[in-house]
Amino acid sequence: MSEKIQAIRGMHDILPDHAPRWQHVESVLRRVMGAYGYQEIRLPVVEKTELFKRSIGEVTDIVEKEMYTFADRNGDSLTLRPEGTAGCLRACLEHGLLHNQTQRLWYLGQMFRHERPQKGRYRQFHQLGVEAYGMAGPDIDAELILLCRRLWRELGIADKLELQINSLGTTAERLAYRAKLVAYFRMHVEALDEDSRRRLETNPLRILDSKNPALKPIIAGAPLLTDELDTSSREHFDSLRRQLDAAGVAYVVNPRLVRGLDYYSRTVFEWLTESLGAQGTVCAGGRYDGLIEQLGGKDSTAVGFALGMERLIDLLDDPGRFDRAALPQAYLIAVGELAEARAPLLAERLRDTLPGLRLQLNCGGGSFKSQFKRADRSGAEVALILGDDEARDQTLGVKSLRREEGQQTLSENEAIAFLHSLI
Ligand code: HAM
């Protein structure tokens, strides 16, 4: 036998026994997106490498070391998308969707980052992304946060998530702040680790995000970006806060909240949990007003977020209940020539009469004993048993697979009424 080929590290199969919990979450997401008037956009998984370099930023972790980049056959440099914001904006600009109009969009799909895999961090993972274009005010920032809150409530995980918000100001404000920050960290350069020293030259704001506990006191003393905000950025942030307060959204202002992607300006936010260990950021996003122009569009505004589906699903209480609820309710066993000929016709009739019934038909023959084994393994609640006698009499044996109960013989109409009670 030849050697089995394994999946790539950090890229996981979602096996059929767990697919229903994904389907459940996806159906809630779709419903909530519809409730706010957001439309789905489906985007390619591969884009030109240049798109990510220009948007996420050359000196971010993602672009520097995490992208799956390859040359295609004609030598173009392509990249498996590490996130969806850049591709979504590229598509909107390409198809003129932002021409004198606003857009509220969402997408769902695989993203790829060559990170060190651990629980909650994968090389292929799934995001729901939500992007809103052409609305400059904080009302849309607040809407996205309320939309998130509704998602958490509908998924029953609202009490496990904390919202943190911050304002990163405009590009000009950030530049002024950057100079102050660099001056401050230069005074403490001996205490910085190697990574932070490198970032001091390239992306000093990211030092604030360092996970190194030794840097905590220095970071705590660093100047605050919020102190550099001008009146209009401050007013944007204050107005967002007022709207969140009015809607009863609990949040923490975290002046150290920076993001790992360069395109953000003004509002940024993250939903965090303590329930998942190190990978506690379930959902993150913010405003990225400058990016549209940076990607060749007319000056306009944008705000959005993405949530990690794997982390979200890990937060569900008893996700197995969704998996169990998707198992077949009935398994049809047929033994004998007449019975085997009749079984598929009967199964179709039952499916016609009972929409919503999940009925698995035994295929491939077998003795009663082996068919019962398969019925049990299917997870079904009951076995429907068709022998030649039943096929002749137009009756059906019914036996619970989960409880110690004897087998009953029912007419087809009685069987239909019984199956109806299982749906
Ligand atoms: P991000 O913070 O890079 O933002 O990712 C958003 C979420 O995706 C994270 O909070 C996390 O839940 C999940 N995630 C990220 N990397 C991984 C990984 N390696 N394994 C599992 N889950 C992961 C963005 O991607 C932005 N595009 C969000 C955005 C949209 N901003 C504006 N619009």
Side-chain angles (χ1 to χ4, degrees), residues 8-12 14 25 38 41 43 47 51-52 55-57 60-63 65-68 80-92 103-133 135 140-141 143-145 147-148 151-152 157 160-166 168 206 209 257-273 275-292 295 301-315:
I8 296 163
R9 196 161 111 82
M11 302 202 181
H12 295 284
I14 298 165
V25 171
Y38 284 67
I41 182 165
L43 302 159
E47 298 273 0
L51 175 69
F52 301 116
S55 52
I56 298 170
T60 55
D61 281 352
I62 297 180
V63 171
K65 46 190 187 202
E66 294 171 3
M67 296 208 300
Y68 282 91
L80 294 182
R81 61 181 181 189
E83 58 103 56
T85 305
C88 187
L89 189 47
R90 192 267 313 136
C92 288
Q103 290 287 347
R104 286 174 162 89
L105 302 173
W106 65 272
Y107 48 84
L108 183 66
Q110 286 92 337
M111 307 291 158
F112 303 85
R113 295 184 195 176
H114 195 277
E115 296 192 79
R116 201 165 43 77
Q118 53 171 254
K119 187 171 163 42
R121 189 165 70 196
Y122 310 105
R123 290 182 174 170
Q124 177 183 273
F125 58 99
H126 298 75
Q127 278 186 346
L128 165 80
V130 180
E131 315 287 357
Y133 302 113
M135 290 161 274
I140 185 70
D141 307 13
E143 174 175 289
L144 289 174
I145 288 172
L147 186 156
C148 289
L151 279 176
W152 315 148
I157 55 172
K160 297 185 191 170
L161 286 158
E162 179 191 88
L163 172 64
Q164 296 193 355
I165 60 172
N166 189 23
L168 297 183
R206 290 286 292 156
D209 211 23
L257 181 66
V258 287
R259 304 271 303 121
L261 304 89
D262 274 357
Y263 47 61
Y264 292 103
S265 56
R266 293 199 166 159
T267 312
V268 287
F269 62 90
E270 291 193 351
W271 292 88
L272 304 145
T273 183
S275 315
L276 297 180
Q279 305 306 317
T281 313
V282 174
C283 172
R287 201 158 257 292
Y288 50 99
D289 292 338
L291 188 60
I292 302 187
L295 292 184
T301 60
V303 55
F305 70 82
L307 62 82
M309 291 288 284
E310 283 78 0
R311 294 181 193 181
L312 188 66
I313 286 169
D314 276 347
L315 275 188

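Just follow the structure's listing: the first ligand is 1, and inside any ligand the first atom is 1.
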Do any nitrogen or oxygen atoms of [X] lie less than 3.5 angstrom from nitrogen or oxygen atoms of ligand 1?
| X | result |
| --- | --- |
| Tyr288 | no |
| Glu310 | no |
| Gly286 | no |
| Arg121 | no |
| Ala306 | no |
| Arg259 | yes |
| Leu261 | no |

At a 4.0 Å threshold, what atoms of ligand 1 neighbour a non-hydrogen atom of [X]?
| X | value |
| --- | --- |
| Val282 | 10 (O), 12 (O) |
| Gly285 | 31 (N) |
| Tyr263 | 26 (C), 27 (N), 31 (N) |
| Gln127 | 5 (O), 6 (C), 7 (C), 8 (O), 24 (C), 25 (O) |
| Glu131 | 30 (C), 32 (C), 33 (N) |

Worksheet entry | Among Phe125, Trp271, Tyr264, closest by any non-hydrogen atom to atom 14 (N) of ligand 1 | Phe125
Worksheet item: Between the candidates Arg113, Glu115, Met111, Glu83, which shows the shortest non-hydrogen contact distance to atom 3 (O) of ligand 1?
Response: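 Selected option, by shortest heavy-atom distance: Arg113.
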Minimum side-chain heavy-atom gap [X]-[Y] below 4.5 Å:
| X | Y | value |
| --- | --- | --- |
| Leu105 | Cys88 | yes |
| Leu276 | Leu315 | yes |
| Phe269 | Leu163 | yes |
| Met135 | Arg104 | yes |

Discussion item. Between ligand 1 and Gly120, can you find any atom pair, the residue atom being a heavy atom, that is separated by under 4.0 Å?
Written reply: yes
Practice prompt. Considering only NZ, NE, NH1 and NH2 on the basic side and carboxylate oxygens on the acidic side, decide whether Arg113 and Glu83 come within less than 4.0 Å.
Written response: no
Worksheet item: So Val63 and Asp262, side chain to side chain contact (heavy atoms under 4.5 Å, CB included) or not? Walk me through it.
Response: CA-CA 11 Å; Val63 171; Asp262 274 357; over 6 Å; no
